[in-house]
Amino acid sequence: AQRVTQPEKLLSVFKGAPVELKCNYSYSGSPELFWYVQYSRQRLQLLLRHISRESIKGFTADLNKGETSFHLKKPFAQEEDSAMYYCALSGKTSYDKVIFGPGTSLSVIP
Amino acid sequence: NAGVTQTPKFRVLKTGQSMTLLCAQDMNHEYMYWYRQDPGMGLRLIHYSVGEGTTAKGEVPDGYNVSRLKKQNFLLGLESAAPSQTSVYFCASRRPGTSNYGYTFGSGTRLTVV
């Protein structure tokens, strides 16, 4: 079964502290993994993709195929990072839909 | 370039009323999707379309119908609204062969059914 889990509904960290948002997935094959971010009352935006191995707004995520995880990390949290974060996966064929996790609400305390 | 536009942004319905949510994209995307967003449940796929004139059911299609008469528009209909359909609805689109680029989302429609 295709599934994305995010064990933490809420995560609070102090400004300047490291942050890690956990994501685990189950998928038969090699999926594409994503992190989406939704700031208060705004549309979802693609934050980063595993395939590009990029760092966006200081966030990085490493795909661990052995542990089937795709945790999102940032060494020093900023207040503007407070948002809802969704981990998501998609298959590699054209028709594949994106499956979202339940989301983690990150609150950065000043 | 507007991207993905959803109308209306907010709506309050009485139980049993009907309404249509409109999603319009100007990026010439073939694929379009309707999701609902509920606290603690993330985004769940309602219906989707892989091209003009085609639609398919997603994870939670009951109580909804869709139509894709024009490539740029994807309509979501509620024939008889129920309080369980109170949610935020997001439309998304993408081009074929771009699964690794994710979606472009609309700004959402906040629907309350009383």
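All values below were derived from every heavy atom in this structure, side-chain atoms included, with hydrogens, water molecules and symmetry-related copies excluded.
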Disulfide (SG to SG under 2.5 Å): which pairs involve residues 20-63 of chain B, sequence neighbours left out?
Cys23(B)-Cys91(B)

Go through the steps for Tyr103(B) and Tyr31(B) under the test ring-ring contact (aromatic ring centres under 6.0 Å, His included), then give the verdict.
CA-CA 9 Å; Tyr103(B) 292 157; Tyr31(B) 298 170; 9.4 Å; no

Please indicate whether Phe76(A) has more than 12 foreign heavy atoms, meaning atoms of other residues, nucleotides or ligands, lying under 6.0 Å from its CZ.
no

Which pairs, with at least one residue in residues 71-81 of chain A and sequence neighbours excluded, count as a side chain to side chain donor-acceptor pair (under 3.5 Å)?
Lys74(A)-Asp81(A)

If contact means a heavy atom pair closer than 4.5 Å, which residues of residues 106-114 of chain B contact chain A?
Gly106(B), Ser107(B), Arg110(B)

Does the plane of the ring in Tyr48(B) sit parallel, tilted or perpendicular to the ring in Tyr33(B)? Use 30° and 60° as the thresholds.
parallel

Can you say whether Leu43(B) sits under 4.5 Å from chain A via the side chain, the backbone, both, or neither, judging by heavy atoms?
both

Taking only Lys NZ, Arg NE, NH1 and NH2, and the carboxylate oxygens of Asp or Glu, determine whether Arg49(A) and Glu32(A) approach each other closer than 4.0 Å.
no

Proximal component of Glu30(B), with respect to chain A [non-hydrogen, under 4.5 Å]:
neither

Is chain B contacted by the side chain of Gln38(A), its backbone, both, or neither, given a heavy-atom distance below 4.5 Å?
side chain

Quick one: which residue pairs count as a disulfide (SG to SG under 2.5 Å) with a foot in residues 40-88 of chain B, not counting sequence neighbours?
none

